[in-house]
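Accompanying notes for the structure given below.
Keep in mind it's a predicted model, so treat the numbers as computed, not measured. Along the sequence shown, the residues carry numbers beginning at 1. Both counts, for ligands and for their atoms, begin at 1 and track the order of listing.
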Amino acid sequence: MFKESTFAIVGCGIGGATVAALLQKYGYRVTVYEQAVSFVPAGTGIHITPNAMKVLRQLGVEPALHATGFQPPAFVSRAWDTGEVLFDFPLQTMQQQYAGSYLTIHRGNFHSILIAAVTPGTIHYNKRLKEAVQEEDGVTLFFEDGTKVQADYVIGADGIYSAIRKTMADQAAPAFTGQAAFRAIIPAAKLRSAPLDGLTKWWGHDRSLISYFLSGDQSLFYFAAGVPAATWEGRAHREATREELLDSFAGFHPAVQDILLASEYPTLWPLFERPAVNKWYQQRIVLLGDACHPMMPHMAQGAVMAIEDAAVLLRCLEDAGNSSWQQVVERYATTRKERIETVQLQSAENKWLKAPMDPGWVFSYDALLAPLA
Ligand code: FAD
């Protein structure tokens with residue numbers, strides 16, 4: 001019955017693009033509103049883990065992701081100073097073990113592949129949502145350019161600073177966590193020595209650095225390096241210097257120094273956090289991804305959880321029968337809540353794959369088949 005309805009998706013990041021493409025594939029009427037004028041490839045890296053790959057396969061984008069991304073042989077955890085291997089978790093058997101491969105990829109390339117899976121003309125750019133007003137028979141979205149549109153239902157996928165979430169009476173701002181992350185992409189040809197592994201996490205006492213190739217041809221290398229930061233002004237990231245980086249990681253293994261010395265345009269990103277909303281929906285609006293449950297990046301699962309959300313929301317709609325919208329979104333939220341809370345907690349601990357452990361509970365999950373609440 002929901003196939004007759006109109007859905008407005010606010011925000012076209014990884015979660016918004018995934019839910020738009022999935023709903024369209026199953027015949028739903030979708031329009032997307034995105035504040036960006038256009039997308040410029042953001043210079044960061046991202047992991048696509050098997051649990052995300054199972055959903056992405058439905059969109060037919062798996063070959064493009066494989067053609068672009070890098071399949072690391074293993075996730076290698078090393079001691080910050082000696083380089084001693086703390087855990088060497090093989091990733092090339094992921095397909096057999098968890099029915100999906102594990103890729104690292106340039107985030108901009110990943111996003112472009114997702115956007116290409118959405119029907120052309122669906123995404124309306126330069127539409128920054130100001131307010132959403134719920135009425136008995138629909139929702140009116142008001143944009144900062146003075147325009148407005150109506151839809152039967154709204155999916156809020158507008159990220160950690162979600163305007164839609166504010167509409168749902170959650171006015172609390174995200175809190176700075178006291179942590180920040182240096183990030184840089186490096187042409188691999190500039191590296192002073194070949195990386196020890198395709199994907200390594202270097203574990204220090206109060207800081208860590210993860211580095212990996214972003215492309216299958218191994219031409220692009222990337223690192224994200226987490227450090228404590230007492231305060232942060234505003235919420236934007238800033239340019240950093242190589243000297244700051246070298247100071248922050250003084251004493252780290254020579255292989256780390258080689259990576260830092262090769263970085264030309266490092267940036268420093270504040271890490272913000274906020275608890276998941278208590279209520280994932282209100283009347284005709286439902287949330288997914290960071291709008292609903294932002295998390296620390298230490299498990300590389302923030303975008304992946306948005307992708308899982310999209311699949312579960314689709315299934316709740318597909319399985320609706322004569323259920324009301326309220327029943328559909330209640331079922332979606334109930335199905336997702338426990339898993340999200342567990343991942344949020346474990347991500348904040350920053351111990352993922354540091355020592356031998358079984359990550360199967362994350363990677364084996366299939367959002368397209370897992371039982372619905
Ligand atoms: P977003 O990606 O933030 O997208 C929100 C979209 O909404 C944007 O396009 C934005 O322009 C738009 N928007 C915002 N406000 C409005 C408005 N008012 N009107 C209209 N549009 C609006 N996750 C992983 O899965 N793997 C990783 O390896 C990983 N690494 C990370 C490393 C770091 C250092 C950080 C900080 C995060 C990392 N994450 C990772 C987390 C991941 O980036 C987020 O969880 C993910 O981007 C959330 O996707 P989203 O679609 O919910 O939100």
Only heavy atoms of Lys127, strictly under 4.0 Å: list the atoms of ligand 1 that pass.
19 (N), 20 (C)
Which segment of Gln301 sits under 4.0 Å of ligand 1 when only heavy atoms are counted:
backbone
Aromatic ring proximity, centroids under 6.0 angstrom, Trp280 and Tyr332:
yes
Atom 6 (C) of ligand 1: which protein heavy atom is closest, and how many Å away?
Gly13 N, 3.6 Å
Got the closest protein heavy atom to atom 33 (C) of ligand 1, with its distance?
Arg183 NH2, 3.1 Å
Heavy-atom pair with the smallest gap, counting every atom of Ser263 and Phe223:
CB-CE2, 3.7 Å
Checking the N or O distance criterion of under 3.5 Å, is ligand 1 in contact with Arg128?
no
If you measure from the Lys or Arg side-chain nitrogens to the Asp or Glu carboxylate oxygens, is any gap between Lys3 and Glu318 under 4.0 Å?
yes
Between the side chains of Arg57 and Glu62, is the shortest nitrogen-to-carboxylate-oxygen separation below 4.0 Å, so that they form an ion pair?
yes
Nitrogen or oxygen of Val304 less than 3.5 angstrom from that of ligand 1:
yes
Restricting to non-hydrogen atoms, name the atom on Leu288 and the atom on Ala157 that form the minimum distance, rounded to 0.1 Å.
CD1-CB, 3.8 Å
Are side-chain N/O atoms of Asp158 and Gln35 paired as donor and acceptor at under 3.5 Å?
no
Contact (N/O only, under 3.5 Å) between Asp290 and ligand 1:
yes
Please write down residue, atom name and distance for the protein heavy atom closest to atom 14 (C) of ligand 1.
Asp158 O, 3.2 Å
Just checking, is any N or O donor in the side chain of Thr68 or Asn109 under 3.5 Å from an acceptor N or O on the other one?
no
Taking the six-membered ring of Phe143 as reference, does the cationic atom of Lys127 (NZ for Lys, CZ for Arg) lie under 6.0 Å from its centre and within 45° of its axis?
yes
Below 4.0 Å from ligand 1: does a non-hydrogen atom of Lys130 turn up there or not?
no
Can you list the ligand 1 atoms lying under 4.0 Å from a non-hydrogen atom of Arg107?
2 (O), 42 (C), 43 (O), 46 (C), 47 (O)
Shortest protein contact, atom 21 (N) of ligand 1 (heavy atom only)
Gln35 N, 3.1 Å
Heavy atoms only, cut-off 4.0 Å: how does Met295 contact ligand 1, side chain, backbone, both, or neither?
neither
Aromatic contact, Phe75 with Phe87 (centres under 6.0 Å):
no
Just to be sure I'm reading this right: ignoring hydrogens, which of Glu34, His47, Met296 gets closest to atom 12 (C) of ligand 1? Compare them by their nearest heavy atoms.
Glu34
Note the single closest protein heavy atom to atom 17 (C) of ligand 1, along with its residue, its atom name and the distance in Å.
Leu129 N, 3.6 Å
State the atoms of ligand 1, each with its element, that fall below the 4.0 Å cut-off from a heavy-atom position in Ile14.
51 (O)
Report yes or no: is the cationic atom of Arg235 (NZ for Lys, CZ for Arg) under 6.0 Å from the centre of the six-membered ring of Phe272, at an angle within 45° of the ring normal?
no
Go through ligand 1 atom by atom and flag the ones less than 4.0 Å from a non-hydrogen atom of Gly289.
52 (O)
For atom 1 (P) of ligand 1, closest protein heavy-atom neighbour:
Gly159 CA, 4.2 Å
Short N or O distance, Gly45 and ligand 1, threshold 3.5 Å exclusive:
no
Flag side-chain contact, heavy atom, 4.5 Å: Arg207 against Phe182
no
Looking only at side chains, do Gln24 and Thr119 share a donor and an acceptor under 3.5 Å apart?
yes
Under a 4.0 Å threshold between the charged nitrogen and the carboxylate oxygen, would Arg336 count as salt-bridged to Asp309?
yes
The protein heavy atom nearest to atom 51 (O) of ligand 1 is Gly15 N, 2.8 Å
Identify which of Gly156, Ala291, Ala303 has a heavy atom lying nearest to atom 25 (O) of ligand 1.
Ala303
Report yes if the side chains of Trp325 and Leu317 come closer than 4.5 Å at any heavy-atom pair, otherwise no.
yes
Contact partition for Ala157 relative to ligand 1, non-hydrogen atoms under 4.0 Å
backbone
Does an N or O from Ile160, backbone or side chain, lie closer than 3.5 Å to an N or O of ligand 1?
no
Who's the nearest protein heavy-atom neighbour of atom 38 (C) of ligand 1, and how far?
Pro297 CB, 3.7 Å
